[in-house]
Every structure is written in structure tokens, then in C-alpha cells.
Amino acid sequence: MSSDNRIKKYLEIFAKEKSKENYIRLLDAFRYTDVLVPLVCNKMTEFDFGNQGVLKEDFKPDIVYFPKLKKYLMPVFSSAEEIPDTYKPQKIVFMHCRDWINLRRLKKNEGVVFNPFSDFSFILGLDQIKVLKSFLD
């Protein structure tokens with residue numbers, strides 16, 4: 001199974017049956033799968049891979065307000081196909097779980113939403129992110 005489909009697969013399974021086992025499988029999929037993360041920056045600069053993958057200080061996560069949920073969330077995507085043409089962040093990069101969890105702290109938000117414009121979106125609240133982070137430590 002390709003890594004970009006792993007989260008989607010377990011998200012669909014969890015959506016059909018919200019069991020503890022399926023939830024743990026979904027969190028585990030987040031742990032091992034890179035996702036696309038939209039970024040914005042205060043000033044346009046060159047993205048530098050020479051600093052061992054650490055983002056320059058001026059890059060921050062794109063935080064989006066979702067009126068139906070009344071929440072500010074950081075969107076992440078399983079693939080470019082999940083990003084609608086109407087959503088235009090300044091930059092999109094692949095990130096591993098630990099990286100996007102740390103990036104999320106740079107701007108105030110209420111969690112992360114996975115594939116927010118698809119039929120099987122999923123919100124990781126702040127408590128769920130803490131649980132996921134504990135798997136990484």
C-alpha cells in the first residue's frame with residue numbers, strides 16, 4: 001500500500017466504525033505517513049533545505065477558519081489531488097508527523113484538519129495531538 005493512501009484507508013475504516021482499535025490504527029497511520037502542509041510566510045524568501053529540513057522563521061502554517069465548525073484549524077492533505085483549486089496557500093511542503101506537530105505551534109489554532117475538503121476529513125483536536133505526539137517520544 002502506498003504511504004499516501006495509508007491515512008485515507010484508515011480514515012475511511014474509522015469513519016465506518018469508530019472503535020478504539022480503528023482510532024489507534026488511524027493515529028499510527030498519521031505517525032508514519034508524510035502529509036502535505038500549506039505554509040504562509042511574512043515575506044517571500046527561498047525555502048532552504050540546507051538547514052536539515054528546519055523551516056526558516058518566517059514560514060508559518062496556514063491556519064484556516066472553518067465557519068461551520070467555528071474553529072481555526074491547520075489543514076493538512078494526503079495528496080495534491082485533495083487540495084482544491086480554490087485553495088491557494090503560498091507554499092505546500094511534505095512533512096513528517098513530528099514536523100507538522102511542531103510547526104502547528106507557531107500560530108494559534110484549535111487543532112489540525114486532515115483533507116478538509118474531502119468526504120472523509122478528520123479533525124485532530126489539541127488533546128488528540130498530544131496523544132499522537134506521545135507516540136513519537
| request: Locate the shortest heavy-atom distance separating E82 from P84; write the atom from each residue and the value. | output: O-CD, 3.4 Å

| query | From K8 NZ over to D119 CG, what is the distance, rounded to the nearest 0.5 angstrom? | reply | 10.5 Å

Tell me which donor-acceptor pairs under 3.5 Å the side chains of residues 100-107 have, and how far apart each pair is, sequence neighbours excluded?
residue	atom	partner	partner atom	Å
N102	ND2	R98	O	3.2
R104	NH1	N109	OD1	3.2

| Any chance the rings of F14 and F122 have centres within less than 6.0 Å? | yes

| Who pairs with Y23 by side chain to side chain donor-acceptor pair (under 3.5 Å), at least two apart in sequence or on another chain? | Q128

| said: Assigning hydrophobic clusters by single linkage (Ile, Leu, Val, Met, Phe, Trp, Tyr; side-chain heavy-atom cutoff under 4.5 Å), is I63 placed with L36? | reply: no

| request: Only counting residues at least two apart or in another chain, list the ones meeting side chain to side chain donor-acceptor pair (under 3.5 Å) with Y87. | output: D62

| said: Nearest 0.5 Å, please: how far is CD1 in I24 from CZ in R31? | reply: 11.5 Å

| message | Is there a path of hydrophobic side-chain contacts, each under 4.5 Å between heavy atoms of I/L/V/M/F/W/Y residues, joining I129 to M95? | response | yes

| query | Does F117 belong to the same Ile/Leu/Val/Met/Phe/Trp/Tyr cluster as V35, with side-chain heavy atoms less than 4.5 Å apart forming each link? | reply | no

| remark: Sequence neighbours excluded, the answer for salt bridge (Lys or Arg N to Asp or Glu O under 4.0 Å) partners of R25 is none

| remark: Tightest non-hydrogen contact, residues P89 and L39, listed as CB-O, 4.0 Å

| message | Could you check whether S78 and N115, counting side-chain N and O atoms only, form a donor-acceptor pair closer than 3.5 Å? | response | yes

| message | Do I7 and F30 make a side-chain contact, defined as non-hydrogen atoms from C-beta onward lying under 4.5 Å apart? | response | yes

| task | Run the numbers on V131 and L27 for side chain to side chain contact (heavy atoms under 4.5 Å, CB included), then give the verdict. | result | CA-CA 9 Å; V131 169; L27 289 182; 4.0 Å; yes

| query | Out of L26, L11, L124, which residue meets the side-chain contact (heavy atoms from CB on, under 4.5 Å) rule with F114? | reply | L11

| task | For E110, enumerate each residue passing the salt bridge (Lys or Arg N to Asp or Glu O under 4.0 Å) test, keeping only those at least two apart in sequence or located in another chain. | result | none

| query | Under 4.5 Å between side-chain heavy atoms, hopping through other hydrophobics if needed: is there a path connecting L136 to V112? | reply | yes

| field | T33 side chain to A29 backbone, donor-acceptor under 3.5 Å | value | yes

| query | Could you go step by step and tell me if I83 and I92 meet the side chain to side chain contact (heavy atoms under 4.5 Å, CB included) rule? | reply | CA-CA 10 Å; I83 304 171; I92 300 173; 3.6 Å; yes

| task | Please answer whether the main-chain N or O of E17 pairs with a side-chain N or O of N22 as donor and acceptor at a distance below 3.5 Å. | result | yes

| note | By salt bridge (Lys or Arg N to Asp or Glu O under 4.0 Å), K133 pairs with (sequence neighbours left out) D137

Distance-only donor-acceptor hits, side chain of residues 66-77, under 3.5 Å, sequence neighbours excluded:
none

